[in-house]
Asker: 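Take a look at this one; I'll ask things after.
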Protein chains: 2
Amino acid sequence: MAIDRKQLILEAAKKSFSLFGYKATTMDQVAKLANVGKGTIYTFFKSKEEILDEIVTSLIRDMKAEAENAIDPNSRFDENIHRVLIRFLEFRKSHQLTIKLFQEEREIGTKAVVDVIQRVEQAIIDYMKGIIQDAIDRGEIKECNPEITAFVMLETYVALIFDWEQHHPPLDKEEMSDLFKLYFFEGLLK
Amino acid sequence: MAIDRKQLILEAAKKSFSLFGYKATTMDQVAKLANVGKGTIYTFFKSKEEILDEIVTSLIRDMKAEAENAIDPNSRFDENIHRVLIRFLEFRKSHQLTIKLFQEEREIGTKAVVDVIQRVEQAIIDYMKGIIQDAIDRGEIKECNPEITAFVMLETYVALIFDWEQHHPPLDKEEMSDLFKLYFFEGLLK
DNA sequence: AAATGACCAAATGAACAAATTAGTCATTAC
DNA sequence: GTAATGACTAATTTGTTCATTTGGTCATTT
């Protein structure tokens, strides 16, 4: 069986995006890394951006899979959603590709990258939305707009994990979990 | 009594920063606007950045004053802190200077501006910290770290007011208040 | 029929010149 | 004598040019 050229190209592109970022990766480089002629790339993808799109689509699949097995059916909703969020954000923190892409989004703002990051965030929110809706349906939590709730939870976690550390000592997972429980589930009122 | 040159300079600089931003404002322009020689500026300020610092210091004073009279001693803590936050963020949204500075921080990242924005945010957090500590002392809310709580509340509001609107219809004050109460005070758990 | 790389127009960026700018200080005005 | 000034300077920024690089095409090869 012949080598799967499309897969070779995707892997080469992913490696190069991870190493140098989207903008700094040239199609010649991808072709060379994949050991194919440059023209070959264009029989599988109609543009550089489409390669990124496809890589991110599978990235989102991976993230969802990770999140999936963070869920313990025997645990309460608040513990599950906490673990899911932590998984998402640790994924983002530990994979070279997401590190590079988020960095490029902040520092350069390459349009294709901005678009793709937006897609990742929306995917996370959509995933959480489902979990939240389930919890509402099962009567575990109060009625609320699942999309806004997911959005606010994600923003809070991102703030605590990425922004708080800018000027303060980082919080460990234990603390995060306690804060999350206090703010979102038990409430501050006595 | 002679005209207060220092005040003239501050007002000229504030007007120009508001109109064109910090970076795009030249000292020649400030001098011309203030009707003073450029050298005069340097008898009152040691640098362009010091002018910005002084303007922002009084801006923070104004914001605090605004926040102060958003507080109603007869209202509950959660209503007060909501009103305070809304005031801060409406101030930011309605004053040309803050609009320009936040925009310049995002789009150009001028160092002096980044520093000064950080100072504004820390001032808001410090102010909220005091209110939160009071509420804890009075037994109105549970024990919690006032700085982290203030930080998370501010980030949540900024997310809901500025980021949510990027891809969704904006929330009105009523909705914000309800969300805030639900997430932070009553908690989601049934 | 699939793969290729020479080729092209467009985009990028290196390099240099010109213009602008923050800050100084000798001179001026009172 | 002192407070105010604006011409001056060193340094940064901006505009311009042009050679190189880039994403994408397509005639040729395998």
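Because only heavy atoms are used, hydrogens play no part in the values below, and waters and symmetry mates are left out as well, while side chains stay in. Residue numbers begin at 1 in each chain, while the letters A, B, ... track the order of the sequences.
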Asker: Between atom CD in A/Glu49 and atom C1' in D/dT22, what is the gap in whole Å?
Answerer: 16 Å
Asker: For the NZ atom on A/Lys14, are there more than 12 heavy atoms of other groups (residues, nucleotides or ligands in this structure) within a distance under 6.0 Å?
Answerer: no
Asker: Any chance the rings of A/Tyr157 and A/Phe162 have centres within less than 6.0 Å?
Answerer: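 Between A/Phe162 and A/Tyr157, which both carry aromatic rings, the centre distance is not below 6.0 Å.
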Asker: I'd like to know whether A/His167 forms a side chain to side chain donor-acceptor pair (under 3.5 Å) with B/Gln118, so could you lay out the CA-CA distance, the side-chain angles of the two residues, the decisive distance to 0.1 Å, and finally the verdict.
Answerer: CA-CA 10 Å; A/His167 301 280; B/Gln118 170 56 29; 3.2 Å; yes
Asker: Which parts of residues 31-46 of chain B get close to DNA chain D, meaning a heavy atom less than 4.0 angstrom away?
Answerer: B/Val36, B/Gly37, B/Lys38, B/Gly39, B/Thr40
Asker: Could you check whether B/Arg92 makes a cation-pi contact with B/Phe102, meaning its NZ or CZ is under 6.0 Å from the centre of the six-membered ring and within 45° of the ring axis?
Answerer: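 B/Arg92 over B/Phe102 ring: yes.
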Asker: Between A/Leu10 and A/Phe44, is there a side-chain heavy-atom distance shorter than 4.5 Å?
Answerer: no
Asker: Measure CG/B/Asp28 against P/D/dC8 and give the value in whole Å, please.
Answerer: 14 Å
Asker: Can you pull out the residues from residues 12-27 of chain A that lie within a 4.0 Å heavy-atom distance of DNA chain C?
Answerer: none
Asker: Take atom CZ of A/Arg5 and atom C1' of C/dA1, then tell me their distance rounded to the nearest Å.
Answerer: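 The distance from CZ of A/Arg5 to C1' of C/dA1 comes to 13 Å, rounded to the nearest Å.
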Asker: B/Leu52 versus B/Leu101: any side-chain heavy-atom pair under 4.5 Å?
Answerer: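 Yes, side chains in contact.
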Asker: Quick check with a 6.0 Å cut-off and a 45 degree axis cone: is A/Lys100 positioned over the face of A/Phe17's six-membered ring?
Answerer: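 So A/Lys100 doesn't make the cation-pi contact.
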Asker: Under 3.5 Å, which protein N or O atoms sit close to an N or O of nucleotides 10-12 of chain D? Give each pair with its distance.
Answerer:
none

Asker: Treating B/Lys142 as the side-chain partner and A/Gly187 as the backbone partner, does any N or O pair qualify as donor plus acceptor under 3.5 Å?
Answerer: yes
Asker: Would you check if the side chain of A/Asp53 reaches a backbone N or O of A/Val116 as a donor-acceptor pair within less than 3.5 Å?
Answerer: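 Not confirmed, A/Asp53 side chain does not pair with A/Val116 backbone.
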Asker: Is B/Asp115 salt-bridged to B/Lys111, going by a charged N under 4.0 Å from an acidic O?
Answerer: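 Yes, B/Asp115 and B/Lys111 are salt-bridged.
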Asker: Could you tell me the separation between the CD atom of A/Gln29 and the C1' atom of D/dT21, rounded to a whole number of Å?
Answerer: 13 Å
